[in-house]
Amino acid sequence: MKITEVRVVVTCPDRNYVAVKILTDQPGLYGVGDATLNGRELSVAAMISEHIAPLLIGRDPGQIEDIWQSLYRGSYWRGGPVQMTAVAGIDIALWDIKGKLAGMPVYSLLGGRTRVGALAYTHAGGRDFIEAEDRVRAAVAKGFKVVRAQVAIPGSVGTYGVGGAGSAASVLTEHPGNLQGDGGRMPSVEKWEPSPYLRTIPALFDHLRNAIGFEVELFHDVHERLTPIQAARLARELEPHRILFLEDPLRPEYLESFRLIRQHSVTPLGMGELLHSRWDCLPLLTEQLIDYIRCDIGHAGGITEARKIAAVAETFHVQTAWHGPGDIGPATHAANVHIDISLPNFGVQEMVFFSDAVNEVFPGAPTFRDGYLNVADTPGLGNDINEEAAKKYPYQRAYLPVTRRADGSVLDW
Ligand code: KDG
Ligand code: MG
């Protein structure tokens with residue numbers, strides 16, 4: 001069997017997505033992958049169509065590992081979000097083809113089910129503690145057993161993870177970041193200072209635990225903004241609240257600084273959405289500096305690399321919590337769940353509910369019930385693309401926001 005075409009589809013049903021469709025010489029047999037990189041979509045689309053697609057025409061789509069190696073090592077220039085998102089898009093589509101050819105769901109090819117579903121979490125962000133509490137309660141009412149809680153920081157502008165006003169339902173589907181700014185064309189600017197943040201977050205969890213109790217698993221995403229000693233303080237102050245993990249406390253350039261947080265606190269730690277391969281993750285895993293590895297498999301080489309990251313993690317008592325925001329496409333969400341339900345060391349899965357427009361373009365996203373995600377037992381990944389529908393929604397230039405401190409200097413968003 002041969003690959004006959006690698007088609008890249010850029011579409012914006014409600015935010016931008018980059019889909020990869022790999023066609024074969026077997027009539028009707030194709031695979032669908034996702035290569036969406038929020039705010040840098042067209043660079044990945046060009047990487048695939050200009051540089052990768054010509055290398056794949058005529059190749060056997062069954063040789064997933066060899067294709068992965070040839071794209072990663074064969075290019076000489078390796079790693080990074082653009083290239084690893086491109087490789088992931090190809091890899092996910094190839095696993096879809098392999099499943100369809102075998103007549104098996106991908107999780108079956110990965111070793112079969114180890115659990116009935118993937119424990120899922122959603123986001124609850126409020127403009128104040130009461131609104132955050134309401135949104136946690138709304139998530140619990142919807143069936144969630146794990147909820148990420150964020151709150152607006154007094155004096156800040158546009159706190160990460162806190163959408164505008166809206167119903168509980170819209171918060172559950174809301175995701176910050178895209179189509180913001182001046183007519184959707186330039187990044188919006190957020191303002192943030194560490195001291196009010198470090199005072200507010202422990203108080204938020206005081207409030208939530210007093211109001212809601214300990215039955216629901218809660219946690220918080222720092223979004224890489226703290227220094228090591230600030231993160232250590234926050235982790236220590238959150239200890240009484242028994243959070244599931246503190247997400248992404250530090251920038252990815254400072255992995256060795258996780259040691260300092262560990263020295264001061266037993267609050268579990270999660271990290272990974274800005275790491276792009278198993279080598280990027282290695283120090284965190286081998287030194288047991290984190291408890292949850294949360295790479296984005298759509299930005300870290302796809303299913304092939306995620307299995308290897310998970311295997312290293314398993315060896316060091318680390319569980320998985322793959323990144324699953326709305327700014328990666330349904331095919332990556334499907335790949336997440338196929339891996340989750342076949343791994344021994346799965347922990348928890350981030351998820352969103354896609355809009356009707358996204359589901360129209362990409363039918364077959366994982367389904368949510370009673371706190372768990374699942375995929376259909378159909379061959380492949382179960383996610384498809386409706387190319388006619390995709391044409392109705394052309395790309396719209398969009399950026400992630402930029403954060404600045406009170407003095408105007410740039411901080412991580
Ligand atoms: O594009 C950026 C988002 O993917 C990121 O902000 C989401 O941190 C995130 C999360 O944990 O979902
Ligand atoms: Mg995050």
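Counting begins at 1 with the first residue of the sequence. For ligands, and for the atoms within them, numbers begin at 1 and follow the listed sequence.
- When only modelled atom types and interatomic distance are considered, Glu350 and His123 share a side-chain donor-acceptor pair under 3.5 Å.
- If you look at Phe362 and Phe354, their ring centroids are not closer than 6.0 Å.
- Note that Lys142 lies outside the cation-pi zone of Phe368, set by a 6.0 Å cut-off to the ring centre and a 45° limit from the axis.
- Side-chain contact between Glu224 and Tyr160: absent, with no pair of heavy atoms (C-beta onward) separated by less than 4.5 Å.
- Counting the atoms of ligand 1 from 1 in the order shown, those under 4.0 Å from a heavy atom of His223 are 5 (C), 6 (O), 8 (O), 9 (C).
- The Mg ion (ligand 2) has no N, O or S atom of Glu350 closer than 2.8 Å.
- Counting the atoms of ligand 1 from 1 in the order shown, those under 4.0 Å from a heavy atom of Leu400 are 1 (O), 2 (C).
- Neither the backbone nor the side chain of Asp248 comes within contact range of ligand 1; no heavy atom lies under 4.0 Å.
- Looking at heavy atoms from C-beta onward, Val348 lies in side-chain contact with Phe245 at the 4.5 angstrom threshold.
- Numbered from 1 in the order shown, with element, the atoms of ligand 1 that lie under 4.0 Å from a heavy atom of Arg148 read 10 (C), 11 (O), 12 (O).
- In the vicinity of Asn38, heavy-atom distances shorter than 4.0 Å reach the ligand 1 atoms 1 (O).
- Within Glu273, the N, O or S atom at minimum distance from the Mg ion (ligand 2) carries the name OE1.
- Annotation: cation-pi pair Lys100/Tyr30 present, NZ/CZ under 6.0 Å from the ring centroid and within 45° of its normal.
- In this pair, His223 and Trp413 present their aromatic rings perpendicular. The plane angle is above 60°, beyond the 30 to 60° band.
- Here's the thing with Arg294: one of its N/O atoms is less than 3.5 angstrom from an N/O atom of ligand 1.
- Among the atoms of Tyr121, none of the N or O lies under 3.5 angstrom from an N or O of ligand 1.
- Near Asp221, with a cut-off below 4.0 Å to any heavy atom, the atoms of ligand 1 are 8 (O), 9 (C), 10 (C), 11 (O).
- Among the atoms of Glu247, an N, O or S atom is found under 2.8 Å from the Mg ion (ligand 2).
- Closest approach between the Mg ion (ligand 2) and any N/O/S atom of Asp221 involves OD2.
- Listed by number with element, the atoms of ligand 1 under 4.0 Å from a non-hydrogen atom of Asp327 are 1 (O), 2 (C), 3 (C), 4 (O).
- Side-chain contact between Ile261 and Leu250: present, with at least one pair of heavy atoms (C-beta onward) separated by less than 4.5 Å.
- A salt bridge does not link Glu239 with Arg236: none of the charged nitrogens is closer than 4.0 Å to a carboxylate oxygen.
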